[in-house]
Amino acid sequence: MKFSIYNSLTNQQESFTPIEKGVVKMYSCGPTVYDFAHIGNFRSFLFGDLMRRSLELGGFAVQHVMNITDVGHMVEGEDDKMLAAASRVKENKKSGRVPEGAIQDPNDPYQIADFYTNAFLEDSRKLAYKVAYDYPASVPKATDYIPGMIEMIEVLIQRGHAYVSSDGVVYFSVESFPEYGSLSGNTMDKLQSGAGGRVSDTNQSMKKHPADFLLWKPDQKHIMKWESPWGVGYPGWHIECSVMAKAVLGQSRIDIHTGGEDLIFPHHECEIAQSCGCSGESHFANYWVHARFLFVEGEKMSKSKGNFFTARDVLEGKVTGKPVHPAVLRFELIKSHYRSNMNFTVKGLTDSAATITKLIDFRAMLESKTGGKSAEVDLSHPVLGDFSNALADDLNIAGALGVMHNWLKTDHRDAELSLAILKKMNSVLSIAPINEGTDGVEVAADGGQHGDGDAQAEDWRQQMVDARKNKDFATSDQMRDKLVDAGYDVQIGKTDVTIKKKLA
RNA sequence: GGCGUCGUGGCCAAGUGGCUAAGGCAGCGGAUUGCAAAUCCGCGAUCGUGGGUUCGACUCCCACCGACGCCUCCA
């Protein structure tokens, strides 16, 4: 099927042609595991997931790889990230977000990285981030690829793309790679050195060019360090992605590379320089695709503003005051176009919950009507054709959802066909139920939150039923208020009362 | 300063050089209900501002206003 993608490399939408027919090699920049991943991280990750699943719906075999950055790039001036991570861990231990005993020694970066890697995978699977189910095969960790990084740095030095400076640090020489800047549009002379306010002058003086970036830094004192031809030290940040993409995807040139828009420069620019400098290929990835930032209630998310939320904050109800079903959060994060800033709001979450509830109920209706049997259907079906065509058009998710909603309103007498269509749609959306089609942990359609209530709620429900038998509407209404306050939807039938926990 | 994205009803958000500008949520009216909820039916926008191109633009071009991102380790 014809797919088109907005390519950051050319700043235009291009029709997608993979290197190998029918196969897509795709790499996404993953998290740094020194804290819980936040909803902004997941917005970007789930956009990659949506792209992968859309391509799969379109018939491509997608090999998707995402890295885990567990190398500490932490000893740099005032911003000692290790210290920050350690104190954060201590804080989190106090507040209970990190269970007692989970990290024995908060000063051991490996323990911290391990803990947050597992937390990330757990969150990812809850949110149906497909690649997380293929850990570790498709989710490599940087610390496992240090030899590969050293090897690539050696090649870069041999090929004249890197040099060892007078203080022993290995830098990539941007002047040796004329294409440097082609992705971000930054050209060498226009790069205002230090405009981001993040470079220290002392480091700059050792470089041949201000834009040269670090490949290896010898540093005995660094908390994570490895042997290398340039002394004991640690690798630069960018090199890991170049190495792991090649190692795990098995080729120097890949089809798609995704990430947050902030990674365009310098990270992805540097990846291109390293990978192409090493391989001699004209491209590292043929298509570079970037997601824009997520805002919270109209403001940029930041810890100082108090609107900084991790995925588990949202799921646990720290944002809405009530637990949020993973499908609701997933839907909220994927339902707006990746190239628009998305505004994360409580209202949006409520909206999403309404859609999820509707879909889950619809699915349940179809399941019960068909006994779970579904028909054979493919993209030649007009509804699925429209749905997939929308997604194939640079991931037009809103268009696809419009198709879905219009279809929901149509006749569903052929329930087996409708179930088949819904399943196909859900293979991309993965919300009703969440995690359909993924191996591994299966989360129930209702996540255990949509069925009968707890003992207290059940008691109120029973009281309602009893009161209604006697036409005691006052008591019935009282119980209903309690249930509604407790976050239940209450439906009164002819003889029975059913309750459902709200999804958000 | 450089590079880039964007501006459609209360909110979210598609789309097209020309028949009635998708869809969702919220809201309003009605059916239903003991009252609700759920469900069903019905109702709202001329597309940031000002020019230009054109028989005709919200859709193409220009200017302006506004929002936002990146410019050395934040997705």
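- No engagement by A/F42 is indicated, since no non-hydrogen atom pair under 4.0 Å with the nucleic acid exists.
- Taking both residues in full, the closest heavy atoms of A/I434 and A/H325 are given as CG2-NE2, 4.4 Å, listed atom of the first, atom of the second, then distance.
- The gap from the P atom of B/U49 to that of B/A57 amounts to 15 Å, rounded to the nearest Å.
- Across the protein-nucleic acid pair, A/D394 atom CG and B/U5 atom C1' stand 13 Å apart, rounded to whole Å.
- A/M479 is not listed as a side-chain neighbour of A/D477, based on a closest heavy-atom distance of 4.5 Å or more.
- Using a 4.0 Å heavy-atom distance criterion, A/R480 is classed as a base contact.
- Base pairing of B/G9 is not made with any nucleotide, judged by Watson-Crick or G-U wobble geometry with both donor-acceptor distances under 3.5 Å.
- Across all strands shown, the partner of B/C68 is B/G4, judged by Watson-Crick or G-U wobble contacts whose two distances both fall under 3.5 Å.
- A/L263 comes within 4.0 angstrom of sugar-phosphate atoms only, judged by non-hydrogen atoms across all strands, and of no base.
- Across all strands, A/Y6 comes closer than 4.0 Å only to sugar-phosphate atoms, never to a base (heavy-atom distances).
- Taking the C1' atom of each, B/U5 and B/C19 are spaced 34 Å apart, rounded to whole Å.
- Between A/R461 and A/D496, at least one side-chain N (NZ, or NE/NH1/NH2) sits under 4.0 Å from a carboxylate O, which counts as a salt bridge.
- Looking only at side-chain heavy atoms (C-beta outward), A/T117 and A/Y135 come within less than 4.5 Å of each other.
- The base of B/G4 lies outside donor-acceptor range of the side chain of A/R339, with no N or O pair under 3.5 Å.
- Here, B/C47 and B/U8 have their C1' atoms 4 Å apart, quoted to the whole Å.
- Heavy atoms of A/G402 sit under 4.0 angstrom from at least one base atom.
- In this structure, a donor-acceptor pair under 3.5 Å is absent between the side chains of A/N343 and A/T345.
- Residue contacts for A/K494: at a heavy-atom cut-off of 4.0 Å it reaches no nucleic acid atom on any strand shown.
- Rounded to whole Å, the distance from CZ on A/F120 to P on B/A75 is 11 Å.
- Between B/G18 and B/C35, the distance separating the two P atoms is 50 Å to the nearest Å.
- Whole-Å rounding puts the A/I492 CD1 to B/A37 P distance at 11 Å.
- If you take CD of A/Q478 and C1' of B/G34, they are 16 Å apart, rounded to a whole angstrom.
- Remark: aromatic rings of A/Y116 and A/F36 are close, center separation under 6.0 Å.
- A/H267 comes within 4.0 angstrom of nothing in the nucleic acid, heavy atoms only.
- OP1 and OP2 of B/C40 both lie 4.0 Å or more from every side-chain N or O belonging to A/K409.
- Remark: P of B/A38 and CZ of A/F362 are 19 Å apart, rounded to the nearest angstrom.
- Side-chain nitrogen and oxygen atoms of A/K358 include at least one within less than 4.0 Å of the OP1 or OP2 phosphate oxygen of B/C25.
- When the P atom is used for both B/G9 and B/G48, the distance is 8 Å, rounded to whole Å.
- Searching all strands for a Watson-Crick or G-U wobble partner of B/A38 with both distances below 3.5 Å returns nothing.
- B/G42 and B/A22 have their P atoms separated by 15 Å, given to the nearest Å.
- Residue A/N67 contributes atom CG, which lies 11 Å from atom C1' of B/A75 at whole-angstrom precision.
- Using a 4.0 Å heavy-atom criterion, one finds that A/N11 contacts the sugar-phosphate atoms exclusively.
- Note on ring orientation: taking the six-membered ring where Trp is involved, the planes of A/F172 and A/H161 are parallel (angle under 30°, cut-offs 30° and 60°).
- Between A/K300 and B/C70 there is a side-chain polar atom (N or O) within less than 4.0 angstrom of OP1 or OP2.
- A donor-acceptor contact under 3.5 Å is formed by the side chain of A/R292 with the base of B/C68.
- Base pairing of B/A57: no nucleotide in any strand meets the Watson-Crick or G-U wobble criterion (both distances under 3.5 Å).
- Only the P atoms considered, B/G30 is 24 Å distant from B/G23, to the nearest whole Å.
- Taking a pair to require two hydrogen-bonding distances under 3.5 Å in either a Watson-Crick or a G-U wobble arrangement, B/U33 remains unpaired.
- Using modelled atom types, one finds no donor on one side chain facing an acceptor on the other under 3.5 Å when comparing A/T69 with A/T32.
- B/U59 and B/U46 are spaced 15 Å apart, taking the P atom of each and rounding to whole Å.
- Residue contacts for A/G259: at a heavy-atom cut-off of 4.0 Å it reaches the sugar-phosphate backbone alone, with no base atom in range.
- Residue A/L294 is classed as a base contact, given a heavy-atom separation below 4.0 Å to a base.
- B/U16 makes up no base pair with any nucleotide shown, lacking Watson-Crick or G-U wobble contacts both under 3.5 Å.
- Using a 3.5 Å distance cut-off with no hydrogens or angles, the side chains of A/D459 and A/Q463 do pair a donor with an acceptor.
- The partner of B/U46 cannot be assigned: no Watson-Crick or G-U wobble pair with both contacts below 3.5 Å exists in any strand.
- Taking atom CD of residue A/Q491 and atom C1' of nucleotide B/C35, one finds them 16 Å apart after rounding to whole Å.
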For side chain to side chain donor-acceptor pair (under 3.5 Å), just list the numbers for A/D123 and A/Y129, CA-CA rounded to whole Å, side-chain angles, deciding distance to a tenth of an Å, and then say yes or no.
CA-CA 9 Å; A/D123 292 346; A/Y129 185 19; over 6 Å; no
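- Two residues are said to be in side-chain contact when any heavy atoms from C-beta on lie closer than 4.5 Å; A/H412 and A/W407 meet this criterion.
- Here A/F473 lies parallel enough and close enough to stack on the base of B/G34, with planes under 30° and ring centres under 5.5 Å apart.
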Base contacts versus sugar-phosphate-only contacts with protein, heavy atoms under 4.0 Å: please encode nucleotides 8-15 of chain B as B, S and - from 5' to 3'.
--BB-SSS
